[in-house]
Student: 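Can you read through this structure? Questions will come right after.
Letters go in sequence order (proteins before strands), and every chain restarts at 1. Because the structure is a prediction, the values reported are computed rather than measured.
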Amino acid sequence: MMITVQSISADLARVREKSPLVHNITNFVVMNNTANALLALGASPVMAHAVEEVKDMVNIASALVINMGTLNPQWVDGMLEAGKAATAKSIPVVFDPVGVGATLYRNEVAARILAECKPTFIRGNASEIMALAKENVVTKGVDSSASSDSAIDAAKRLAQETGAVVVISGPEDFITNGQEVLSTQNGSTVMARVTGMGCTATAVLGAFAGVNPNRMEAATHAMAVMGIAGEIAASKSGGPGTLQLHFLDTLYNLDEDNIEEIYKSEA
Amino acid sequence: MMITVQSISADLARVREKSPLVHNITNFVVMNNTANALLALGASPVMAHAVEEVKDMVNIASALVINMGTLNPQWVDGMLEAGKAATAKSIPVVFDPVGVGATLYRNEVAARILAECKPTFIRGNASEIMALAKENVVTKGVDSSASSDSAIDAAKRLAQETGAVVVISGPEDFITNGQEVLSTQNGSTVMARVTGMGCTATAVLGAFAGVNPNRMEAATHAMAVMGIAGEIAASKSGGPGTLQLHFLDTLYNLDEDNIEEIYKSEA
Amino acid sequence: MMITVQSISADLARVREKSPLVHNITNFVVMNNTANALLALGASPVMAHAVEEVKDMVNIASALVINMGTLNPQWVDGMLEAGKAATAKSIPVVFDPVGVGATLYRNEVAARILAECKPTFIRGNASEIMALAKENVVTKGVDSSASSDSAIDAAKRLAQETGAVVVISGPEDFITNGQEVLSTQNGSTVMARVTGMGCTATAVLGAFAGVNPNRMEAATHAMAVMGIAGEIAASKSGGPGTLQLHFLDTLYNLDEDNIEEIYKSEA
């Protein structure tokens, strides 16, 4: 598979043209960020979590994002209901297992989401992917305590077991379907000092999955755009505060020339 | 009715002088934005949604804002309780029917809020106003799929049926009491790429309603201030990220000279 | 006790080195702000509120922050469960009684948290501290209607009764253990026009409490850093919007030279 400046730009153009509706059931901390990132990118976010309506909402969506950052039983009910409905209609489901490994409850909920919703994508940091793959890993809250490349084997196994494309995000991002492993290298260390950048990557993945049925491409393009926009934004910023705003401006203004200039591929 | 640079400025001065307490029962995505916009404007926001306390809270408020962006049954209970208490005490109630038309649940909840709370103001985008007026309209999540002027007849009918002043916001805003229709033309297309700008307009309307009993004036002044501040902010911004911050700075610094320079009236 | 440029800088260095996990059960309005402030400072925030998991989460944390800004019974259950678990394990508990005095429900919940969780720190504005100490005070929503120094006696009594270190924040901040009273004088009036600055102070206090067992020092250092960063940010800002971003950038970049230049002590 070839990920190129042109393939990234083509998917970005598709997001802007089709403005896919991305249904998010996500956490309280990052809702504003992820809605803004989707809007800046050209997608159309909607947030709805009640069991009373998630089925209706996901039925008009191009992708569903399930993020378990601030769990409770009512929200989990909504996640499961929406996830099952999406999978039944072949709407892509992107799962972000925030903080899995930190508490028993998170482990149980994550296992139920995997089993009942059968997500098409899973994105987490290295600790979360290893915890989800039942590796022995010490998790510290929601931040990763392991390096991205140490989680590649766990990610491949998780992809094989679940059928999902699995993304490990970090200084370098890895994307795998259980056989092939792609990677993207853009970004900035300051991004780790802004809350919800990982959750935003998950939401952006939802937008790309909503316009490109090739899952490895959709996931890799999404991670490339996150890293490129973050790197450009960091170069204009004085710290994690201003980075957030320049990140949204950059997503809005991103074009093939910017991508060409800054995209780092492994080749 | 004459809306002028002077009438807008006079209401803005009143908001800053009286700092009306605006009680918001609103959605998780925009709470931070709307609180910040009210503070920047000079008003005093409070967020409280539990049935255990909304009656106490609304009784000390100058206006109540009900926004159904991220519904669930417990929140609806709080909205209905607060709305009924506010109306019983003649405290203005501003209703934002976010995403009505997208799911059956939203339609049912919106209908209950109209019937039980009898809001004094309703603000939505064209799709939402048409859905609320039971026009045949296709809604796509929370973004409008219709133009503002196509919803004017629906807005007038909705105003006549409910007794509310109805506001359609969009590139051009329309404000109607069922007979008269006023409009404001300021703004920027980039505002549609920032989440919660519509919800912020609803909250700002709450602040103006808290200081001016003339409802057509309060609503039109609020929409004018939103559009003027958004247009000034956009002229200083590189995209939807920086726009948000300049928008708050502009609300904070807005004076009669700025308004004079940029206000577009139809006359 | 001597609070100096050096003692502040030393605690700041400790936060950055140890990156204490701060478990927040806080309100919907400010979650994003407080997470970002903790990350910019160098701490590691986690948000979790469900009774199903708060005990597990607080057991791996260095401090617990309980903020009752947007209450409901399920959240209160989580707060009480987490607070009791933290106190049982001698993990510092910082309590922010947002809006106490505004409704009966808030008064009851605040009383339960004091009685059952036995917080080690209480931070509020003057009205909230006076309401908590059962002084006769008129509260207007969540903003203070009293001056900070008028609440010093109430704060001392509250500290004596509860055993907590009590912080009154405002244009001048006061910190007391019931005997000694320290103060910090940095800041900017524009900070009061940004939502969640008080809640952010509470979260930042959690980070300092997580690295310094001397409670008067931890609290005073936290308030000094808030005031210093806010004052530097205000000097670079055009209003409350840009202030927020510069505030985060400043927390991230703050060093002993900045502190030296701007720190105002009473001596």
Student: Can you name the side chain to side chain contact (heavy atoms under 4.5 Å, CB included) partners of A:Ala201, sequence neighbours left out?
Tutor: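 Expected list: A:Arg123, A:Met223, A:Met226.
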Student: Taking side chain as everything from C-beta outward and backbone as N, CA, C, O, which of these in B:Asn33 sits under 4.5 Å from a heavy atom of chain A? Side chain, backbone, both or neither.
Tutor: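 B:Asn33 touches chain A through side-chain heavy atoms alone.
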Student: Side chains of A:Thr202 and A:Val98, heavy atoms from C-beta outward: is any pair under 4.5 Å?
Tutor: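 No. Closest side-chain heavy atoms not under 4.5 Å.
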Student: With only heavy atoms counted, which part of B:Glu108 is less than 4.5 Å from chain A, the side chain, the backbone, both or neither?
Tutor: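 Neither part, no heavy atoms under 4.5 Å.
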Student: Report the option among A:Val30, A:Leu251, A:Leu38, A:Asp249 that has the most heavy-atom pairs separated by less than 4.5 Å from atoms of chain B.
Tutor: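 Winner by heavy-atom pair count: A:Asp249.
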Student: If you count heavy-atom pairs within less than 4.5 Å of chain B, which of A:Leu245, A:Leu248, A:Thr242, A:Thr34 leads?
Tutor: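 Max contact count across the listed options: A:Leu245.
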Student: Report the relative orientation of the aromatic rings in B:Phe28 and A:Trp75; use parallel for angles under 30°, tilted for 30 to 60°, perpendicular for over 60°.
Tutor: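 Tilted, since the angle between the ring planes falls between 30° and 60°.
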Student: Would A:Asn36 and B:Thr195 count as a side-chain hydrogen bond (donor to acceptor under 3.5 Å, both in side chains) if you check the C-alpha gap in whole Å, the side-chain angles of each, and the deciding distance to 0.1 Å?
Tutor: CA-CA 6 Å; A:Asn36 273 322; B:Thr195 195; 5.0 Å; no
Student: Verify side-chain contact (heavy atoms from CB on, under 4.5 Å) between A:Ile232 and A:Leu254, making sure each step is shown before the conclusion.
Tutor: CA-CA 10 Å; A:Ile232 294 173; A:Leu254 201 64; 4.0 Å; yes
Student: May I have the step-by-step check of side-chain contact (heavy atoms from CB on, under 4.5 Å) for A:Leu12 and A:Leu41, ending in yes or no?
Tutor: CA-CA 8 Å; A:Leu12 180 59; A:Leu41 191 68; 3.7 Å; yes
Student: So which of B:Val29, B:Asn72, B:Val194, B:Thr70 has the largest heavy-atom pair count under 4.5 angstrom toward chain A?
Tutor: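 Answer, by heavy-atom pair count under 4.5 Å with chain A: B:Val29.
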Student: Identify which of A:His246, A:His23, A:Gln74, A:Met31 forms the greatest number of heavy-atom pairs closer than 4.5 Å to chain B.
Tutor: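 Going by pairs under 4.5 Å, I would pick A:Met31.
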Student: Which region of A:Asn253, side chain (C-beta onward) or backbone (N, CA, C, O), has a non-hydrogen atom less than 4.5 Å from a non-hydrogen atom of chain B, or is it both or neither?
Tutor: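 Just the side chain, heavy atoms under 4.5 Å.
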Student: Which atoms of A:Gln244 are under 4.5 Å from chain B, going by heavy atoms: the side chain, the backbone, both sets, or neither?
Tutor: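 For A:Gln244, no heavy atom lies under 4.5 Å from chain B.
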